[in-house]
Amino acid sequence: MEEFIKVRHEKLKRLRKEKIEPYPHRYKITYKTREILGKYKKLKIGEEVRGSQVSLAGRIMSKRGHGKSGFAHIMDGSGKIQVYTKFDVVGEKKYGLYKKLDIGDFIGVEGRIFKTKTGEITVLVEDFTLLAKSLRPLPEKWHGLKDVEIRFRQRYIDLIMNPEVKETFLRRSRITSLIRKFLDKKDFLEIETPMMQPIPGGAAATPFVTHHKALHRDLYLRIAPELYLKRLIVGGMERVYEINRNFRNEGISTRHNPEFTMLELYQAYADYEDLMELTTELIAEIAKEVLGTLKIEYQGKKIDLKTPWKRLTLKSAIKKYTKLDIDKTKNIKKEAKKLGLKIEEDLADTQVIDHIFKEFVEPRLIQPMFITDYPRELSPLAKAKKNNPNLAERFELFIGTLELANAYSELNDPILQRERLKEQLALRWAGSEDAHMMDEDFLRALEYGMPPCAGLGIGIDRLVMLLTDSPSIRDVILFPHMKPEKQQ
RNA sequence: GCCCCCAUAGCUCAGUUGGAAGAGCACCUGACUCUUAAUCAGGGUGUCCCAGGUUCGAGCCCUGGUGGGGGUACCA
């Protein structure tokens, strides 16, 4: 490695000696590579376009020398194009400089367009300028970069070498942009609420703690924006959404990153049924826009996003996939053990049900499926069903076995909400560290009156996984969490 | 947290039974004015992840650690 870098540094020194600035300030570009390739697609072999002067810039990705001429490919943000540099055209001095250029260097190129006899649209270089000298070697051109650790730690190399990785992140950007357009069209207002919260609320999860020096107090990175968004509903903002990071101090897996992006939205005067419709419409529209079809494939599984999507209650889903009828079961733990699950004795029945669901139902939910009617105890911020106070008006959406969304009709009775948070407090005292905390200001807000409303959360990372056919959440997060690298 | 797997040149990888560290690309020197994994001739550039141990001898075997991946637990 040192050998490679030493050689490049020597080249850099030589450039400076020859008064060639290796890091100039700007370069005027008239075309992107993709524009050129599109515009001159119909050129005939060998044909040269008169008056086709272009200037473009990019990184040198390959070089093929032939003595007094040479081909190279340069890559810009839109793609790659071949450039052809000839001794006759650029002159002796420039050609000498060209030969010293390295793969990885940025150059600006002026020239005219022609098609080679092998049929590739190429820029005949009339002049070029070094725009940035590269001092480190890039990975090999053919096999590229595969080492997952380098791909994640040095994502910039991954983006240079692997076009499909770049494509994934372009699509991610497109998806969030489309979500915003969709919601803006429906009169939702994009807002921002605190990332640092004195009381972390809105979810059952362990928070990260930080400290504010001037205030002499601990603050928590938010685990959800829910309680702040509801305050805005109280304040009269009837449709609000936020797309931003949540932080949860939990394990890392192919579906979990400690910080992840969540769309959370609240709609006044609506219930969870309305949000099922909204969710369906949103995801179907985005899939159609991004992939051009509702028939998609995720990890080898064919998925049809044609609406409407199916619904099952939690109980009937468990019955369907395990033949277990929860209502007729006296000892749920015993039944779970019979199914082969390891169940600890101190688990609550609702948690056992959750385990059964995760183990036997979730892996089967490949086609879009809304699971509804969750136990009320698991949803302390949700409104109960009219005909059954033990169930919450809540749904989760699964596609391709990914849990993508969670929504409920929001509890807006301040008295009931206080009771439920007290229950959570009791759970905390009993040792459940991630039970919800009491938030007096939130309750005070509800006491002023919150209109009926429903709230929805969509895991953006997982949605992007689905729509980019990515097996791991790390594939859709530019800089996934890693332990610090050893200092060299 | 626990279990399994992986770590060799800049990159992608091989390395037999424990017996002199290898290939392709990249890189360096030279030839070549339509190549595209350009070609031709020559050159190996290495803390075999780290620290111990076994052995006459360790990239290979053993112990511990570090980093990464997968699973599982916790967890929407």
Could you tell me how far [M] sits from [N] if I compare only their [atom1] atoms? Round to whole Å.
N	M	atom1	answer
B:rA51	B:rU66	C1'	10 Å
B:rG24	B:rG42	P	12 Å
B:rC75	B:rG71	C1'	16 Å
B:rA58	B:rA73	C1'	38 Å
B:rU72	B:rC13	P	26 Å
B:rU45	B:rC62	P	31 Å
B:rC74	B:rG22	C1'	46 Å
B:rU33	B:rC11	P	35 Å

[X] has an atom [atom1]; how far is it from atom [atom2] of [N], in whole Å?
X	N	atom1	atom2	value
A:Glu359	B:rG71	CD	C1'	12 Å
A:Ile5	B:rG46	CD1	C1'	15 Å
A:Lys11	B:rC28	NZ	P	4 Å
A:His9	B:rC27	NE2	C1'	15 Å
A:Lys483	B:rG68	NZ	P	6 Å
A:Glu47	B:rC34	CD	C1'	16 Å
A:Lys117	B:rU35	NZ	C1'	9 Å
A:Arg8	B:rG10	CZ	C1'	10 Å

NA contact type, [X], heavy-atom cut-off 4.0 Å: base, sugar-phosphate, or nothing?
X	result
A:Met161	nothing
A:Asp354	base
A:Lys86	base
A:Asp88	base
A:Ile150	sugar-phosphate
A:Thr254	sugar-phosphate
A:Lys358	base
A:Gly459	nothing
A:Glu149	sugar-phosphate

Give none if [N] has no partner; otherwise give the nucleotide forming a Watson-Crick or G-U wobble pair with it, both distances under 3.5 Å.
N	value
B:rC74	none
B:rC61	B:rG53
B:rG22	B:rC13

Problem - Check: A:Asn162 side chain, A:Val165 main-chain N or O, donor-acceptor pair, under 3.5 Å - result: no

Practice task
Would you check if the side chain of A:Tyr95 reaches a backbone N or O of A:Ser69 as a donor-acceptor pair within less than 3.5 Å?
Solution key: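 Checking the backbone N and O of A:Ser69 against the side chain of A:Tyr95, a donor-acceptor pair under 3.5 Å is found.
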
Exercise for the section: Take the angle between the ring planes of A:Phe71 and A:His66 and call it parallel below 30°, perpendicular above 60°, tilted in between. Expected result: perpendicular

Salt-bridge test for [X] and [Y]: reply yes if a basic N is under 4.0 Å from a carboxylate O, no otherwise.
X	Y	value
A:Arg153	A:Glu149	yes
A:Glu18	A:Lys13	no
A:Asp439	A:Arg231	yes
A:Asp105	A:Lys133	yes
A:Arg428	A:Glu433	no

What's the closest nucleotide to the [X] side chain, out of [options]?
X	options	answer
A:Glu140	B:rC28, B:rC11, B:rC75	B:rC11
A:Met482	B:rU12, B:rG10, B:rG68	B:rG68
A:Trp142	B:rA37, B:rC32, B:rU35	B:rA37
A:Val148	B:rU33, B:rC27, B:rG69	B:rG69

Counting only side-chain N and O atoms of [X], is one of them less than 4.0 Å from OP1 or OP2 of [N]?
X	N	result
A:Arg153	B:rG68	yes
A:Lys146	B:rU12	no
A:Arg64	B:rU35	no
A:Lys63	B:rC25	no
A:His73	B:rA37	no
A:Arg474	B:rG70	yes
A:Lys141	B:rA26	yes

Exercise for the section: Would you state whether a donor and an acceptor, one from the side chain of A:Gln82 and one from the base of B:rU35, lie under 3.5 Å apart? Expected result: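 Yes, a donor-acceptor pair under 3.5 Å.
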
Practice task
Would you kindly check whether a donor in the side chain of A:His256 faces an acceptor in the base of B:rC75, or vice versa, at under 3.5 angstrom?
Solution key: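 By the distance-only test, yes, there is a pair.
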
Handout entry: Residue whose nearest RNA chain B nucleotide is more 5′ - A:Gly119 or A:Phe152
Key =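 With A:Phe152 and A:Gly119 compared, the 5'-side residue is A:Gly119.
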
Problem - Closest-nucleotide ordering on RNA chain B, the 5'-leading residue of A:Ser472 and A:Thr206 - result: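 Checking each residue's closest nucleotide, the 5'-ward one belongs to A:Ser472.
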
Exercise for the section: Using the ring pair (Phe, Tyr, Trp, His ring centres under 6.0 Å) rule, take A:Phe360 and A:Tyr321 through it: C-alpha gap first, then chi angles, then the decisive distance, then the call. Expected result: CA-CA 7 Å; A:Phe360 298 103; A:Tyr321 293 107; over 10 Å; no

